[in-house]
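Data first, discussion second: the structure below is written as structure tokens.
In each ligand, atom 1 is the first atom listed, and ligand 1 is the first ligand listed. Small disclaimer: the values here were computed from a predicted structure and weren't measured. Computed from heavy atoms alone, side chains included, the values below leave out hydrogens, waters and symmetry copies.
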Amino acid sequence: MNTLVGKVAFVTGAASGIGLGIAEALAQAGVKVMMADIDGEALAREVARLSATNADVAGVRADVSLKAELQRAADATMERFGKVHILINNAGVGGGGDYGDWNDAGWEWVIGVNLMSVVWGIEIFGPLMEAGGKAGGEGGHIVSTASMAGLVAAVAPGYNATKYGVVALSEGLRPKLAAKGIGVSVLCPGFIRTRIMESARAVPERLAGKVALPDASALPSEFAAMAAQAIQNGIDPLYVGELVVEGIEGDWPYIFTDNQFESGVDLRFAAIKAGFDKIRGRTPRY
Ligand SMILES: NC(=O)c1ccc[n+]([C@@H]2O[C@H](COP(=O)([O-])OP(=O)(O)OC[C@H]3O[C@@H](n4cnc5c(N)ncnc54)[C@H](O)[C@@H]3O)[C@@H](O)[C@H]2O)c1
């Protein structure tokens with residue numbers, strides 16, 4: 001998608017961190033933005049702040065782990081802006097924990113926010129983008145926020161499972177949607193300066209008190225301390241937003257924020273390759 005000016009975007013998790021950075025960078029590029037978030041107060045504050053810069057933005061409160069709320073947010077977007085070209089599936093929570101911390105409510109939460117909202121976002125917004133594309137030849141683009149934790153699994157396998165899912169969905173849909181004029185990118189951030197370590201604030205009411213909390217105490221303490229420090233001193237979310245704008249314009253399959261975990265990806269691929277080496281030369285029995 002080479003011209004972003006005048007296009008319409010829908011961004012989830014837009015009241016804080018990376019989603020807010022993406023919404024702001026899109027608005028700076030001349031895109032009209034519908035910002036969605038479960039945190040109505042922060043959303044109202046950020047919509048007002050961006051509106052004061054003459055950005056054409058609006059907000060809709062939605063818990064994206066509920067399909068009906070995502071559908072209502074899509075309806076509100078169409079009502080406000082008439083069409084939609086860019087979908088940013090960004091909302092996510094640091095939950096899921098490690099073996100020993102799992103319970104069903106925790107899985108419902110982390111899979112609902114991190115993975116099902118992406119599935120439903122594409123299911124609901126895909127046809128709207130296709131319709132706009134066909135009518136006006138305007139095309140579309142989907143960016144879903146995974147993580148480097150969607151390419152390398154370390155200490156939070158619950159979170160990793162959802163983020164690997166987002167990478168798989170994006171990779172799998174890219175050729176299919178290219179044929180319909182819709183680009184697909186997966187954003188895999190490293191450590192970004194956001195409130196992700198405070199994800200407990202976003203536990204939906206229906207799961208309150210049932211979710212094994214996702215905070216640093218669910219992680220091995222050494223890693224938790226390192227991650228908390230790295231996030232506190234992390235990359236500026238607006239810089240990530242600017243990379244996302246570039247990624248949409250250039251139709252990048254993968255949008256990375258830095259090279260910190262590149263060697264981890266190399267190690268994973270080497271381990272996979274070593275698995276193939278174990279059976280090289282054997283003839284399978286059919
Ligand atoms: N911060 C990092 O270092 C980092 C690294 C890799 C990936 N990510 C991913 O980036 C995305 C954004 O996280 P962030 O770091 O900006 O955290 P953040 O906590 O600052 O922002 C997340 C936003 O999502 C919203 N949200 C949470 N649950 C929601 C729900 N059910 N419905 C609607 N909105 C909801 C929150 O209210 C918040 O405004 C997530 O998908 C996260 O997994 C973050």
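- Contact between A62 and ligand 1 is present, with at least one heavy atom of the residue lying under 4.0 Å from the ligand.
- Inclusion of N90 in the set of residues having an N or O under 3.5 Å from an N or O of ligand 1 is warranted.
- Using a 4.0 Å cut-off to heavy atoms of A91, the atoms of ligand 1 that qualify are 34 (N), 35 (C), 41 (O).
- Both I142 and V113 are part of a single hydrophobic cluster, where members link through side-chain heavy atoms under 4.5 Å apart.
- For D266 and K273, the salt-bridge test fails: no basic side-chain N is under 4.0 Å from an acidic carboxylate O.
- Electrostatic pairing of E108 and K210 does not count as a salt bridge here, judged by no charged N lying under 4.0 Å from a carboxylate O.
- Looking at M148 against ligand 1, nothing comes within 4.0 Å, counting heavy atoms.
- Residue contact annotation: T12 has no non-hydrogen atom under 4.0 Å from ligand 1.
- Residue V64 has at least one N or O atom closer than 3.5 Å to an N or O atom of ligand 1.
- Near G13, meaning under 4.0 Å from one of its heavy atoms, ligand 1 places the atoms 23 (C), 24 (O), 25 (C).
- With respect to the salt-bridge test (charged N to carboxylate O, under 4.0 angstrom), the residues R72 and E79 do not qualify.
- Applying the 4.0 Å criterion to heavy atoms of F191 picks out, from ligand 1, the atoms 3 (O).
- Under a 4.0 Å heavy-atom criterion, E198 is not in contact with ligand 1.
- Of all atoms in ligand 1, numbered sequentially from 1 with element shown, those under 4.0 Å from a heavy atom of P189 are 5 (C), 6 (C), 7 (C).
- Hydrophobic clustering, with ILVMFWY side chains joined whenever heavy atoms are under 4.5 angstrom apart, keeps L187 apart from V184.
- The contact set between ligand 1 and G17, taken as ligand atoms under 4.0 Å from a residue heavy atom, comprises 16 (O), 20 (O).
- At under 3.5 Å, a nitrogen or oxygen of I192, whether backbone or side chain, sits near a nitrogen or oxygen of ligand 1.
- Under a 4.0 Å N-O distance rule, the pair R206/D63 qualifies as a salt bridge.
- For atom 13 (O) of ligand 1, the nearest protein heavy atom (residue, atom name, distance) is I196 CD1, 4.0 Å.
- Interface atoms of ligand 1 facing V113, defined by a heavy-atom separation under 4.0 Å, are 28 (N), 31 (N).
- The protein heavy atom nearest to atom 6 (C) of ligand 1 is S147 OG, 3.3 Å.
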**Request:** Kindly indicate, with the supporting measurements, whether the criterion salt bridge (Lys or Arg N to Asp or Glu O under 4.0 Å) is fulfilled by D75 and R80.
**Result:** CA-CA 9 Å; D75 295 344; R80 173 72 166 77; over 6 Å; no
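- Nearest-residue assignment for atom 9 (C) of ligand 1 (options T257, I235, T145; heavy-atom criterion): T145.
- Given atom 22 (C) of ligand 1, the protein heavy atom at minimum distance is G92 O, 4.1 Å.
- Residue contact check for ligand 1: A146 places a non-hydrogen atom closer than 4.0 Å to it.
- Residues satisfying the ring-ring contact (aromatic ring centres under 6.0 Å, His included) criterion with Y164, sequence neighbours excluded, are absent altogether.
- Proximity to D63 (heavy-atom distance under 4.0 Å) selects the following atoms of ligand 1: 30 (C), 31 (N), 32 (N).
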**Message:** Is there a salt bridge (Lys or Arg N to Asp or Glu O under 4.0 Å) between D39 and R45? Walk through the geometry before answering.
**Reply:** CA-CA 10 Å; D39 183 345; R45 190 177 59 239; over 6 Å; no
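- Residue K163 places a heavy atom under 4.0 Å from ligand 1.
- K163 contributes a side-chain N or O that, together with a main-chain N or O of T145, makes up a donor-acceptor pair within less than 3.5 Å.
- For G190, the closest heavy-atom approach to ligand 1 falls below 4.0 Å.
- Less than 4.0 angstrom separates some heavy atom of A202 from each of these atoms of ligand 1: 27 (C), 28 (N).
- Distance CD1/I192 to CG/D258: 6.5 Å, rounded to 0.5 Å.
- At least one N or O atom of T194, backbone or side chain, sits closer than 3.5 Å to an N or O atom of ligand 1.
- In this structure, the protein non-hydrogen atom closest to atom 8 (N) of ligand 1 is Y159 OH, 3.7 Å.
- The structure places CD1 of I86 at 12.0 Å from CD1 of I182, a figure rounded to the nearest 0.5 Å.
- With T162 contributing its side chain and N114 its backbone, the two residues share no donor-acceptor pair below 3.5 Å.
- Residue pairs meeting the salt bridge (charged side-chain N to carboxylate O under 4.0 Å, His left out) criterion with at least one member in residues 189-205, sequence neighbours excluded: R195-E198.
- Shortest contact from atom 20 (O) of ligand 1 to any protein heavy atom: S16 OG, 2.6 Å.
- Proximity annotation for atom 39 (O) of ligand 1: of D37, I18, I38, L187, D37 comes nearest, heavy atoms only.
- Using cut-offs of 30° and 60° on the angle between ring planes, the pair Y254 and F256 is parallel.
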